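Note that the coordinates shown come from a computational prediction; the quantities given were computed from them, not determined experimentally. Counting from 1, the numbers follow the sequence of the chain as shown. When reading the values below, keep in mind they use all heavy atoms of this one structure, side chains included, and skip hydrogens, waters and symmetry mates.
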Amino acid sequence: MSTTYICRISFIIIFLLNHILLSAQTNSKQINPLLTYGDASEVAMSNDRLSRIDSICLQEIKVGNIPGAVALVARRGKVVYHKAFGTASADPARLLNKDNIFRLASQTKAITSTGLMMLWEQGLFRLDDPISKYIPEFSNSKVLDTVYPDGSLQTIPALREITIRHLLTHTSGIGYGIIDGDSRMQKIYYDAGIIDLFTTQPITIADNIKKLAVLPLHHHPGDKFTYGESIDVVGYLIEIFSGMPLEKYLRKHIFEPLDMHDTWFYIPASIEDRLVSVQTNKDGQWIDYPTTFYDPDYPKEGAKTYFSGGAGLSGTALDYAKFLQMYLNEGEYNGTRLLSRNTVRIIMANHIGESWESFPNAYHGLAFKVQSEEGVTTGDIHSAGTFMWGGYFNSQYFADPQEEIIGIIIKQTRDTDNDDTQWKFPIIVMQSIDD
């Protein structure tokens, strides 16, 4: 076989792959308009009742539970509430604005999972494929059994291989290192140099995941829900399947189509001044959070080479609302289809079976925690099918397909435990419906 023929075949393969990736999002005959601002009365909500969000935010700031917050409510494609309260840093003169940029932390997970499902729609893999098929380092996974006083480990062979579905549902057995609930895993990950969230160091996803792959698992894949770096592995799979860095893939196929121009792994210098500081309360005063196992300046400093699919994005409340609105539109936004209606249905289905301790009255789909019918009967405020999650720096969101409502409240704090906006905000949003 001639060299010219081989080169020609290689070119054709590359061309076809590029063509596939260019069509990850497509034009749609369904055209739901851009998320726009409107009055609550236009979408059967009460302005008076929505104003109770002001009260709960101002109260929590007054008693010192949060330094500030940005809250957003949208219904039927209209943003009917979007306000900022409090301060953006320890400097009391620096007030929060609606367009301030927050570290989204685990809110990144749903976006990364969506990116992978867009590739699944192209027939590039099966959900129950073992990940070792694409990342050989995950072959022959082991489960942690015993850690001896001298630090040596005893492991047992995993009963089954980790699949892509296990990653998306956090049932892979992969842990979270320094923020893991198991101190043994904390040390194992630390000793191996695993990056948990984000970093200013010159490291790539491939570097981190290949080190992670040889470490023991919490449990046999599929046996339990364990929050960890599974979605960082998903981010690496996106790079493998797409041939693109994760940041470029998400920008081309999610952020640009959804007009999410303020969402980044590393923030451009032109908008750095909009980044909110992580704060903590010390002796009754809010101070900027110090560098610990992560650098709070990571979105704007450092090597800017590590794209954490599980926790690395920063962005605004409005940008995230556009992402959630795409899901409420069953995969389409402003004439661009990112996911088919059927794929959205699959993502929202119960992929973990019976309700586990981690999800009372809810279950996990392929990107979100989802409210179950049982949760509604026990008095939960959300409609069945409502999908939700939050972030490490104290942010929460939900989207209710039945009521066509989005609720987002974002703060930027650590080591604070008394923030009542976490549970009050969704109640206030849902009681504002005035059909």
Side-chain angles (χ1 to χ4, degrees), residues 105-106 108-110 112-113 115-116 125 127-145 147 153-199 203-241 246 293-294 306-312 351-352 356-359 364-369 389 392:
S106 286
T108 305
K109 289 179 169 64
T112 304
S113 299
L116 188 67
F125 60 89
L127 288 175
D128 292 316
D129 279 349
I131 62 174
S132 61
K133 182 177 179 179
Y134 310 106
I135 311 174
E137 289 81 0
F138 277 100
S139 299
N140 305 312
S141 293
K142 303 291 192 298
V143 175
L144 181 63
D145 183 57
V147 178
L153 309 177
Q154 180 175 319
T155 61
I156 57 176
L159 292 177
R160 58 194 71 90
E161 290 209 55
I162 300 170
T163 67
I164 292 174
R165 192 190 306 268
H166 290 146
L167 294 176
L168 291 169
T169 57
H170 301 281
T171 58
S172 65
I174 295 171
Y176 232 150
I178 197 67
I179 61 173
D180 200 281
D182 186 332
S183 59
R184 302 175 305 167
M185 283 293 186
Q186 290 179 5
K187 186 175 189 307
I188 291 169
Y189 276 47
Y190 178 82
D191 290 346
I194 298 299
I195 301 299
D196 276 323
L197 300 172
F198 23 71
T199 182
I203 188 172
T204 66
I205 301 177
D207 297 333
N208 199 50
I209 299 309
K210 288 178 181 179
K211 288 191 295 183
L212 176 69
V214 299
L215 300 183
L217 305 173
H218 273 268
H219 52 75
H220 298 291
D223 277 6
K224 296 179 182 179
F225 178 95
T226 296
Y227 205 48
E229 292 211 28
S230 288
I231 309 303
D232 283 87
V233 183
V234 167
Y236 183 38
L237 284 173
I238 288 176
E239 294 197 336
I240 292 171
F241 291 133
L246 179 60
F293 69 94
Y294 63 88
Y306 184 69
F307 309 119
S308 170
H351 290 266
I352 65 170
W356 294 347
E357 184 178 348
S358 301
F359 293 94
H364 202 285
L366 297 180
F368 307 95
K369 172 184 174 181
W389 206 251
Y392 185 73

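In this structure Y306 satisfies the ring-ring contact (aromatic ring centres under 6.0 Å, His included) test with no other residue, sequence neighbours excluded. Residues that satisfy the side-chain contact (heavy atoms from CB on, under 4.5 Å) test with I179, not counting sequence neighbours, are Y176, L197, F293, Y392. Here S139 pairs with S132 under the side-chain contact (heavy atoms from CB on, under 4.5 Å) rule; sequence neighbours left out. E137 meets the side-chain hydrogen bond (donor to acceptor under 3.5 Å, both in side chains) test with no other residue; sequence neighbours excluded. For D182, the side-chain hydrogen bond (donor to acceptor under 3.5 Å, both in side chains) partners are R184, not counting sequence neighbours. Applying the side-chain contact (heavy atoms from CB on, under 4.5 Å) rule to L153 yields the partners L144, V147, I188, P216; only residues at least two apart in sequence or on another chain are considered. By the side-chain hydrogen bond (donor to acceptor under 3.5 Å, both in side chains) test, S141 is found to be paired with no residue, residues two or more places apart in sequence or in another chain being considered. D128 meets the salt bridge (Lys or Arg N to Asp or Glu O under 4.0 Å) test with R165; sequence neighbours excluded. S308 is linked by a side-chain hydrogen bond (donor to acceptor under 3.5 Å, both in side chains) to D232, counting only residues two or more places apart in sequence or in another chain.
Counting all heavy atoms, side chain and backbone alike, P130 lies closest to E161 at CB-OE1, 3.7 Å. Closest non-hydrogen pair, S113 versus A367, comes out as CB-CB, 3.9 Å. Residues P157 and H220 approach most closely at O-CE1, 3.5 Å, considering heavy atoms. In plain terms, the two heavy atoms of T171 and H219 that are nearest each other are O-CE1, 3.8 Å. Between E239 and I205, the shortest heavy-atom contact is OE2-CD1, 3.6 Å.
With rounding to the nearest 0.5 angstrom, the OH atom of Y236 is 8.5 Å from the CD1 atom of I209. The line from CG of L212 to CZ of F138 is 5.0 Å long, rounded to the nearest 0.5 Å. For the atom pair I240 CD1 and K133 NZ, the distance stands at 12.5 Å (nearest 0.5 Å). F225 contributes atom CZ, which lies 7.0 Å from atom CD1 of I352 (distance to the nearest 0.5 angstrom). Separating the CD1 atom in I231 from the CD1 atom in I238 is a distance of 9.0 Å, to the nearest 0.5 Å. In this structure, NZ in K109 is found 12.5 Å from CG in L168, a value given to the nearest 0.5 Å.
A heavy-atom distance below 4.5 Å is found between the side chains of L366 and T169. Residues I162 and V233 form no side-chain contact, since every pair of their non-hydrogen atoms from C-beta on lies 4.5 Å or further apart.
Applying the salt bridge (charged side-chain N to carboxylate O under 4.0 Å, His left out) definition to pairs two or more places apart or across chains, none involves residues 204-220.
For Q186 and D180, the side-chain atoms include no donor-acceptor pair closer than 3.5 Å.
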Side chains of residues 189-196: which donor-acceptor pairs under 3.5 Å do they make with residues two or more places apart or in other chains?
unit_1	atom_1	unit_2	atom_2	d
Y189	OH	G175	N	2.9
D191	OD2	K187	NZ	2.7
D196	OD2	I178	N	2.7

(message) Evaluate N208 against T199 for side chain to side chain contact (heavy atoms under 4.5 Å, CB included), listing each step before the verdict.
(response) CA-CA 11 Å; N208 199 50; T199 182; over 6 Å; no

(message) Under the criterion side chain to side chain contact (heavy atoms under 4.5 Å, CB included), I'd like the reasoning laid out for I174 against L167: C-alpha separation, chi angles, the key distance, then a yes or no.
(response) CA-CA 8 Å; I174 295 171; L167 294 176; 4.0 Å; yes

(request) For T163 and L127, run side chain to side chain contact (heavy atoms under 4.5 Å, CB included): C-alpha distance rounded to whole Å, both residues' side-chain angles, the deciding distance at 0.1 Å, then the answer. (result) CA-CA 7 Å; T163 67; L127 288 175; over 6 Å; no

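Using the six-membered ring where Trp is involved, H170 and H364 have ring planes that are perpendicular, over 60° apart on the 30 and 60° scheme. In this pair, F241 and Y134 present their aromatic rings perpendicular. The plane angle is above 60°, beyond the 30 to 60° band.
Side chain of K369 to backbone of W389: no donor-acceptor contact under 3.5 angstrom is found.
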